[in-house]
Amino acid sequence: MSDSEEESQDHQLKIVLLGDGASGKTSLAMRFAQEAFGKQYKQTVGLDFFLKRITLPGNLNVTLQVWDIGGQTIGGKMLDKYIYGAQGVLLVYDITNSQSFENLEDWYSMVKKVNEESDTQPSVALVANKIDLEHMRTVKFEKHQRFCQEHNLNGHIVSAKSGDSVFLCFQRVAADILGIKLNKAEIEQSQRVVKADIVNYSQEPVTRTVNPPRSSMCAIQ
Ligand SMILES: Nc1nc2c(ncn2[C@@H]2O[C@H](COP(=O)(O)OP(=O)(O)OP(=O)(O)O)[C@@H](O)[C@H]2O)c(=O)[nH]1
């Protein structure tokens with residue numbers, strides 16, 4: 001083992017994903033841990049686990065143990081046990097589903113209840129998912145901001161489908177837990193830019209008038 005490997009520390013963090021069914025928790029965990037996305041909805045019964053090792057500034061190796069909690073567990077007997085001991089909590093909602101946003105108060109109440117008597121509190125973040133469906137948005141951005149301000153939380157706007165800001169979201173939560181501040185360059189590096197092919201409109205019939213694309217980079221919907 002090299003000196004630098006011996007020096008590097010390893011941390012394990014428990015991150016819990018909470019939110020209504022179909023808000024995209026499994027998809028976010030899969031996108032983060034496996035760089036994959038499935039269109040088919042398969043309800044999580046109970047919970048699933050994902051593991052991913054990341055490196056934070058200062059050569060800090062961190063293994064994130066992601067607990068993907070099924071949306072149907074709210075009100076169930078096991079939920080407090082799943083939340084217990086989490087260092088990070090992501091409250092996930094679907095920007096096209098207002099109810100999933102409204103119900104976050106209940107999910108958050110559970111988190112607060114479980115940690116009522118604990119000396120250390122988890123780092124909690126609000127996650128707006130399905131940003132690729134911006135045209136179908138029903139939860140106004142102001143509501144998202146207000147929730148963050150009222151509860152003093154960090155907010156993230158992501159898409160498990162396109163991968164937009166998913167890695168950054170988990171990275172920031174881990175950094176926050178460990179008291180590490182990411183600099184601008186590190187944040188930019190983690191912000192995934194989705195590249196798309198440029199359509200060559202010059203080969204299209206001349207009758208069609210289309211503005212040429214301004215850039216070779218865009219978000220895929
Ligand atoms: N367009 C779009 N669809 C998404 C996104 N994330 C998830 N989905 C879809 O939404 C549906 C539900 O996603 P899941 O990840 O299974 O949701 P979940 O929150 O884990 O649901 P439960 O297991 O019931 O708690 C699936 O059909 C996904 O393909 C996204 O960012 N964009």
Side-chain angles (χ1 to χ4, degrees), residues 14-52 64-84 86 88-111 114 124-141 143-144 147 153-173 190-196 217-221:
K14 174 178 172 179
I15 312 287
V16 171
L17 301 189
L18 298 176
D20 274 13
S23 57
K25 300 175 297 295
T26 305
S27 306
L28 288 169
M30 272 181 69
R31 169 60 74 193
F32 173 60
Q34 300 164 359
E35 272 292 310
F37 176 78
K39 275 190 184 158
Q40 204 82 35
Y41 172 42
K42 196 169 154 277
Q43 190 183 87
T44 303
V45 180
L47 80 161
D48 268 335
F49 295 100
F50 293 81
L51 276 182
K52 171 100 171 171
L64 300 194
Q65 203 182 73
V66 180
W67 292 47
D68 166 27
I69 314 292
Q72 311 309 316
T73 57
I74 190 107
K77 279 191 206 147
M78 296 303 288
L79 183 58
D80 51 353
K81 293 177 180 59
Y82 297 157
I83 295 171
Y84 183 79
V89 175
L90 300 185
L91 298 173
V92 182
Y93 72 95
D94 169 355
I95 64 155
T96 71
N97 179 339
S98 305
Q99 198 60 52
S100 73
F101 179 79
E102 305 300 333
N103 289 343
L104 283 186
E105 291 285 358
D106 294 340
W107 288 102
Y108 191 36
S109 296
M110 271 312 286
V111 176
V114 170
V124 183
L126 178 66
V127 181
N129 187 35
K130 308 198 185 181
I131 198 69
D132 58 291
L133 300 177
E134 179 64 47
H135 55 289
M136 290 163 67
R137 177 191 274 278
T138 56
V139 182
K140 286 204 177 112
F141 180 60
K143 282 193 165 190
H144 175 99
F147 193 99
L153 309 179
N154 287 325
H156 298 273
I157 315 261
V158 305
S159 165
K161 187 177 180 186
S162 71
D164 198 358
S165 298
V166 175
F167 185 82
L168 181 62
C169 167
F170 282 92
Q171 187 192 35
R172 284 186 115 165
V173 170
S190 303
Q191 247 159 356
R192 199 185 125 123
V193 178
V194 182
K195 291 185 183 176
M217 293 193 185
C218 69
I220 292 176
Q221 299 203 340

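Predicted, not measured: the structure shown is a model, and the values here were computed from it. We count ligands from 1, going down the list as the structure has it; atoms in each ligand are counted the same way.
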Is a side-chain donor or acceptor of [X] paired with a backbone partner of [Y] at a separation under 3.5 angstrom?
X: Ser159; Y: Asp164; value: no
X: Asp48; Y: Asp68; value: no
X: Lys14; Y: Trp67; value: no

Problem set entry | Residues in the immediate environment of ligand 1 (any heavy atom closer than 4.0 angstrom) | Asp20, Gly21, Ala22, Ser23, Gly24, Lys25, Thr26, Ser27, Phe37, Gly38, Lys39, Gln40, Tyr41, Gln43, Thr44, Gly70, Gly71, Asn129, Lys130, Asp132, Leu133, Ser159, Ala160, Lys161

Exercise. Going from CD1 on Ile95 to CZ on Phe141, what distance comes out if it is rounded to the nearest 0.5 angstrom?
Worked result: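 Reported to 0.5 Å precision, the distance equals 11.0 Å.
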
Problem set entry | Salt-bridge contact Glu35-Lys52 (side-chain N to carboxylate O under 4.0 Å) | no

For this session: Examine the side chains of Ser100 and Ser23 and answer whether a donor and an acceptor come within less than 3.5 Å of each other.
Result: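 Checked: Ser100/Ser23 side chains show no N/O donor-acceptor pair below 3.5 Å.
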
